[in-house]
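To start, the structure itself, in structure tokens.
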Amino acid sequence: MIKAIKGVKDLLPEETPRWRLIEDTAKRWARCYGFQEIRVPIFETTTLFARSIGASTDIVEKEMYTFADRDGTSLTLRPEGTAGTVRAFIEHNRAADPRPQKYCYLGPMFRHERPQAGRLRQFHQFGVESFGVSDPRADVEVMSLLWRLLSDLTLPGLTLEARYKPVLVAFLKGVETRLCGNCRRRIETNPLRVLDCKVPDCRQATDDAPRLTDSLSSAAREHFDRVTAGLDAVGIPYRLNHRLVRGLDYYCLTAFEVTCSHLGAQNAVGAGGRYDGLVEQLGGAAVPAVGFAVGLERIALMLPQDVSIETPRRVYVAAFGSEAADIGFTLLDELRRTGIPADMDFRAASLKAHLRQADRLGVLYTVLLGDDEVATGSVTIRNMQTKEQENIQFSELPSTLAARLSEQY
RNA sequence: GUGGGUGUAGCUCAGUUGGUUAGAGCGCCGGAUUGUGGAUCCGGAGGUCGCGGGUUCGAAACCCGUCACUCACCCCA
């Protein structure tokens with residue numbers, strides 16, 4: 001048997017309504033905040049990701065799906081959404097257009113990690129990128145959007161944590177001898193991550209690391225004050241976490257993350273931050289930007305089981321008997337052409353089998369068509385809840401059913 | 001890359017110190033009702049016991065190997 005490869009997952013029809021709910025909610029809130037959808041390729045040249053995400057990150061070092069194109073060019077399946085969006089922004093010279101420009105995207109991402117709960121090799125993210133505004137209110141805007149859309153999905157135990165990148169390198173150099181080898185390397189490549197090291201000695205060594213309040217430059221300090229003030233003003237609850245390092249290397253100033261209880265080890269639902277240098281670093285103009293991404297699998301994991309998904313009102317055509325079966329098939333198609341969701345089980349021979357199928361499909365009405373009806377050019381429509389039946393002519397079927405289906409219950 | 005757990009029907013799982021033809025519930029198909037669904041009763045279909053080797057008169061069970069899934073470390077959404 002050919003099986004799906006490790007770390008990917010099929011979403012069977014029972015689950016897709018939940019996913020549509022998540023996607024629709026995210027898109028609705030993004031539109032409400034003025035973000036427009038952008039669709040970029042799921043693979044790009046490898047250098048794009050290496051240069052944006054950071055050459056020494058785990059993602060670039062060992063988690064990318066990289067392969068050679070026929071001409072030898074190194075291509076990579078996107079491990080996140082920001083790099084491709086920024087590339088498109090530069091390539092189409094959007095910096096020349098009026099700002100701000102606010103984009104959102106939705107789609108699969110790929111990282112070669114060991115799968116576990118809430119982590120797959122092909123996973124899905126919804127993200128937003130806001131280009132062109134360095135005002136702290138742009139930070140607040142995306143954080144607010146993130147919080148509102150997650151809250152709207154009624155996920156339990158949400159926490160928004162924020163932090164600012166302090167000047168750490170000098171401090172870390174002073175305690176370098178007490179750090180693990182991994183962390184010594186990180187001092188240069190990603191000093192923030194040292195604070196998040198799980199090795200007890202490292203945690204102890206960084207206990208006295210400069211805190212938020214006393215490590216910011218005056219400009220950063222002002223940005224920070226205005227972001228927190230903005231969050232307060234719009235009523236977004238948050239916690240400051242001076243050890244928060246989640247997110248990619250390109251984040252500057254603001255970095256934030258929303259975690260969700262009841263989620264197991266992978267409790268980060270969404271994360272983001274400001275990345276003012278990235279557009280320029282990738283060859284574009286100096287355009288400030290801020291954004292976030294949420295993991296759809298992790299949201300789906302947290303979504304209450306009892307979310308009710310509206311099912312369309314449908315009908316079932318139960319045509320039994322040799323002649324009726326053919327006429328029924330024609331009627332079925334006629335119903336569909338007039339926009340009435342209708343179905344029929346071509347295997348069923350007995351009326352009993354048809355009705356069982358109709359019941360299973362949860363239809364509102366069943367169209368009964370047997371020898372008796374064929375003889376009079378009519379059908380019997382049965383209300384599956386009240387069991388009321390009425391006999392109508394073929395020609396009246398679509399309009400009658402359309403009227404019945406639109407009735408209120 | 002490193003650990004732990006689990007692999008028996010479509011799904012959830014039993015299966016005794018190793019012993020005849022491997023079971024149940026749910027689901028599926030049919031019948032009871034030759035034209036009326038859900039409930040009940042009856043019947044039926046459905047299995048490489050993950051795979052390979054070994055021990056044994058005999059293995060779903062014991063041993064070795066292997067693969068898959070899963071949880072966790074790491075990292076991240």
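Just so it is clear: chains get the letters A, B, ... in the order the sequence lines come, proteins before strands, and each one is counted from 1.
- B/G46 and B/G35: their C1' atoms are spaced 31 Å apart (whole Å).
- Counting heavy atoms of neighbouring residues, nucleotides and ligands inside a 6.0 Å radius, atom CG of A/Leu12 exceeds 12 of them.
- B/U36 and B/G27 are spaced 23 Å apart, taking the P atom of each and rounding to whole Å.
- The P atoms of B/G30 and B/C73 are separated by 49 Å, rounded to the nearest whole Å.
- If you take atom P in B/A60 and the same atom in B/A68, they sit 24 Å apart, rounded to whole Å.
- Rounded to a whole angstrom, the distance from the C1' atom of B/C62 to that of B/G18 is 8 Å.
- Considering only the side chain of A/Lys352, B/A32 comes nearest among B/A32, B/C75, B/A72.
- Within the 4.0 angstrom heavy-atom criterion, only backbone atoms of the sugar-phosphate kind lie near A/Arg360; the bases stay farther away.
- In the model, A/Thr25 has no side-chain atom that pairs as donor or acceptor with a side-chain atom of A/Asp152 under 3.5 Å.
- For RNA chain B, the residues of residues 370-381 of chain A within the heavy-atom distance limit of 4.0 Å (strictly under) are A/Gly370, A/Asp371, A/Asp372, A/Glu373, sorted by number.
- Residue contacts for A/Ala117: at a heavy-atom cut-off of 4.0 Å it reaches the sugar-phosphate backbone alone, with no base atom in range.
- Nucleic acid contact for A/Arg347: sugar-phosphate only, since backbone atoms but no base atoms lie under 4.0 Å from a heavy atom of the residue.
- Side-chain contact check for A/Asn383 versus A/Glu390: every heavy-atom pair is 4.5 Å or farther apart.
- Contacts of A/Gly118 with the nucleic acid, taken as non-hydrogen atoms under 4.0 Å apart, include base atoms.
- Using a 4.0 Å heavy-atom criterion, one finds that A/Glu297 contacts no nucleic acid atom at all.
- The residue A/Leu296 sits apart from the nucleic acid: no heavy atom pair falls under 4.0 Å.
- As judged by a 4.0 angstrom heavy-atom cut-off over every strand, A/Met109 is placed among residues making no nucleic acid contact.
- Environment of CZ in A/Arg39: sparse, with no more than 12 heavy atoms of neighbouring residues, nucleotides or ligands closer than 6.0 Å.
- For the pair A/Arg111 CZ and B/C74 C1', the interatomic distance rounds to 14 Å; values are reported in whole Å.
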Intra- and inter-strand pairs of RNA chain B in dot-bracket (Watson-Crick or G-U wobble, both distances under 3.5 Å; | for another strand): (((((((..((((.....[...)))).(((((.......))))).....(((((..]....))))))))))))....

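- Remark: the separation of the P atoms in B/G65 and B/C26 is 41 Å, to the nearest Å.
- Using a 4.0 Å heavy-atom criterion, one finds that A/Leu146 contacts no nucleic acid atom at all.
- To the nearest 0.5 Å, the span separating OG on A/Ser144 from CZ on A/Arg137 amounts to 14.0 Å.
- Between B/A14 and B/C49, the two C1' atoms lie 13 Å apart (nearest whole Å).
- For a distance-only test at 3.5 Å, the side chain of A/Gln116 qualifies as a donor-acceptor partner of the base of B/C74.
- Using a 4.0 Å heavy-atom distance criterion, A/Phe320 is classed as a base contact.
- In this structure, of B/G3, B/C75, B/G38, it is B/G38 that holds the atom nearest to the side chain of A/Lys387.
- Across all strands shown, A/Lys6 has heavy atoms under 4.0 Å from sugar-phosphate atoms exclusively, and none from any base.
- Spacing between B/U16 and B/U56 at atom P, rounded to whole Å, works out to 23 Å.
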